[in-house]
Amino acid sequence: MTVRPLMWDETLFKDHEVFEVDFVPDEIHFREEQMRELVYQLRPGISGSRPLNTLVKGVPGTGKTTSVKKVFSEIEESTRKLVPVYVNCQIDNTQFGIFSQIYYRLSGHLPRSTGLSSKRVFDSIGKILEQDGTVLVVALDDANYLLYENEINKVLYTLLRSHEVYPDTRIGVITIISDLSVDLMSRIDQRVQSVFRPNEIYFPPYTCVEAKQILSDRAEQGFYPNVLPEAVLDLVVDRTMNAGDLRVGIDLLKRAGLHAETAARRVIEEGDVCKAFEASTSLHLLATIRTFKEEEKVLLRLLAEQSQQESEISVGEFSRSVGDNLPYGYTRIYEMISKFEAMHLVDIRYRGGRGRSRLLTLRYDPQLVLDTLK
Ligand SMILES: Nc1ncnc2c1ncn2[C@@H]1O[C@H](COP(=O)(O)OP(=O)(O)OP(=O)(O)O)[C@@H](O)[C@H]1O
Ligand SMILES: [Mg+2]
């Protein structure tokens with residue numbers, strides 16, 4: 001039987017939205033425990049007390065942002081006593097920017113952007129909270145962006161000691177960090193530590209079985225029936241696990257679907273997934289690089305430049321050749337290389353024989369890495 005090709009006005013997508021980066025699914029599988037813990041942390045806020053502070057940790061693509069947003073929207077639906085404010089610190093990474101977002105959520109409009117100090121904005125926040133008798137919880141997503149210029153201490157100090165200035169305010173904070181090597185507490189002043197003391201909620205990477213379930217659910221929601229054969233889904237899962245980031249899989253589904261549609265096919269094929277792969281993995285690259293410190297970006301850039309000449313590089317030789325020009329020792333370089341491996345950016349294998357030297361391969365096209373770093 002020949003299958004009629006897709007007409008120009010037909011589509012494989014039942015709902016495009018479900019493949020977008022900021023889509024929050026109705027069901028968030030395999031994160032029940034983390035969301036329960038989060039609710040437990042925030043529960044005092046619902047009865048008018050200060051919520052417990054939380055540190056949410058896990059590598060990119062483990063559902064941290066999605067789970068926090070989900071819990072926040074459930075709070076918004078069920079109570080007005082506790083007001084959750086979500087801040088993307090990649091966008092708002094100054095005290096003024098963060099307080100403006102909080103003020104916006106509480107008052108419905110942004111403060112003037114000129115001539116106002118963050119202290120003045122916080123004054124207004126304090127007054128609104130006292131007046132309304134509401135409790136505030138602020139999620140600082142990608143809080144590693146606040147580590148520069150000491151913003152983290154300024155923000156946490158003002159939020160968590162607000163009751164010293166406005167006695168009737170109660171504020172809790174959730175910090176979200178994707179970089180497991182960042183020791184947030186070591187970057188926090190003593191005077192903030194005494195009021196912060198967060199409980200940690202860890203988001204482990206998804207197993208292959210879990211990733212398959214999540215991706216298959218998403219495909220079912222987004223595509224019409226029989227568009228994605230099981231073998232093709234398995235390939236998507238395989239590529240996702242390889243990249244170590246669920247968002248690669250979701251983006252692969254979308255791009256592969258668009259590719260099949262352009263070819264006027266009613267079913268997605270393995271070839272569509274392969275064609276989509278490079279663009280989708282670059283999402284992981286971007287998500288990972290944006291968590292990096294400056295020195296890690298410098299080292300990755302040097303590695304990408306060297307990888308343009310040779311695909312396999314000896315770890316020892318690389319460290320020696322770049323070490324002379326970098327202001328930190330070999331131990332730090334080795335540490336960063338291990339981190340690149342943990343983040344699925346490089347592969348390391350042992351060369352047999354005496355000395356067992358280690359060989360380093362970049363898992364991405366070096367030019368793509370250099371472009372992303374820019
Ligand atoms: N348990 C889940 N069920 C359904 N979809 C999920 C789940 N976990 C993650 N996702 C999806 O995977 C993608 C990445 O998730 P999310 O943005 O929450 O990760 P993250 O941990 O915040 O990553 P990053 O550290 O890079 O910010 C999103 O598109 C999200 O919808
Ligand atoms: Mg996130």
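Note that the structure is a prediction, hence the values are computed from the model and not measured. Sequential numbering from 1 along the given sequence is applied to the chain's residues. Just follow the structure's listing: the first ligand is 1, and inside any ligand the first atom is 1.
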Q. Is the closest heavy atom of Y206 to ligand 1 under 4.0 Å?
A. yes
Exercise. Consider ligand 1: state whether an atom of it lies below 4.0 angstrom from any non-hydrogen atom of R218.
Key: yes
So with a 6.0 Å cut-off around [atom1] of [X], is the heavy-atom count from everything else above 12?
X	atom1	result
E74	CD	yes
K69	NZ	yes
Y330	OH	yes
E20	CD	yes
E164	CD	yes

Check this for me, if you would: do [X] and [Y] make a salt bridge, where the nitrogen-to-carboxylate-oxygen distance has to be below 4.0 angstrom?
X	Y	answer
R332	E335	yes
E278	R255	no
E230	K212	yes

Any heavy atom of P25 under 4.0 Å from ligand 1? The part involved is side chain
Below 3.5 Å, N or O to N or O, backbone or side chain included: is there any such pair between [X] and ligand 1?
X	value
F30	no
D142	no
E20	no
R31	no
S67	no
I214	no

**Message:** Taking the six-membered ring for Trp, are F19 and F223 closer than 6.0 Å centroid to centroid?
**Reply:** yes
For this output row, return yes or no: ring centroids of F292 and F340 closer than 6.0 angstrom. yes
Please state which protein non-hydrogen atom is closest to [atom] and give its distance, to 0.1 Å?
atom	value
atom 10 (N) of ligand 1	L246 CD2, 3.4 Å
atom 23 (O) of ligand 1	G61 N, 2.9 Å
atom 22 (O) of ligand 1	T65 OG1, 2.7 Å
atom 21 (O) of ligand 1	K64 NZ, 2.7 Å
atom 24 (P) of ligand 1	R247 NH2, 3.5 Å
atom 19 (O) of ligand 1	G63 N, 3.2 Å
atom 29 (O) of ligand 1	I250 CD1, 3.5 Å
atom 25 (O) of ligand 1	S178 OG, 2.5 Å

Within a distance under 4.0 Å of any heavy atom of [X], pick out the atoms of ligand 1 and give their elements.
X	result
H29	1 (N), 2 (C), 3 (N)
F23	31 (O)
T62	19 (O), 20 (P), 21 (O)
R290	24 (P), 26 (O), 27 (O)

Of T66, T240, D217, the residue with the heavy atom nearest atom 30 (C) of ligand 1 is T66
- Using only heavy-atom distances, determine whether the side chains of D217 and Q213 contain a donor-acceptor pair under 3.5 Å. yes
> Can you find a side-chain donor-acceptor pair between D251 and S280 that sits under 3.5 Å?
Replying inline: yes
Next on the checklist: Let me check your reading of the structure: within less than 2.8 Å of the Mg ion (ligand 2), is there an N/O/S atom from T66?
Outcome noted: no
Problem set entry | Aromatic plane relationship, F99 with F122 - under 30° parallel, 30 to 60° tilted, over 60° perpendicular | tilted
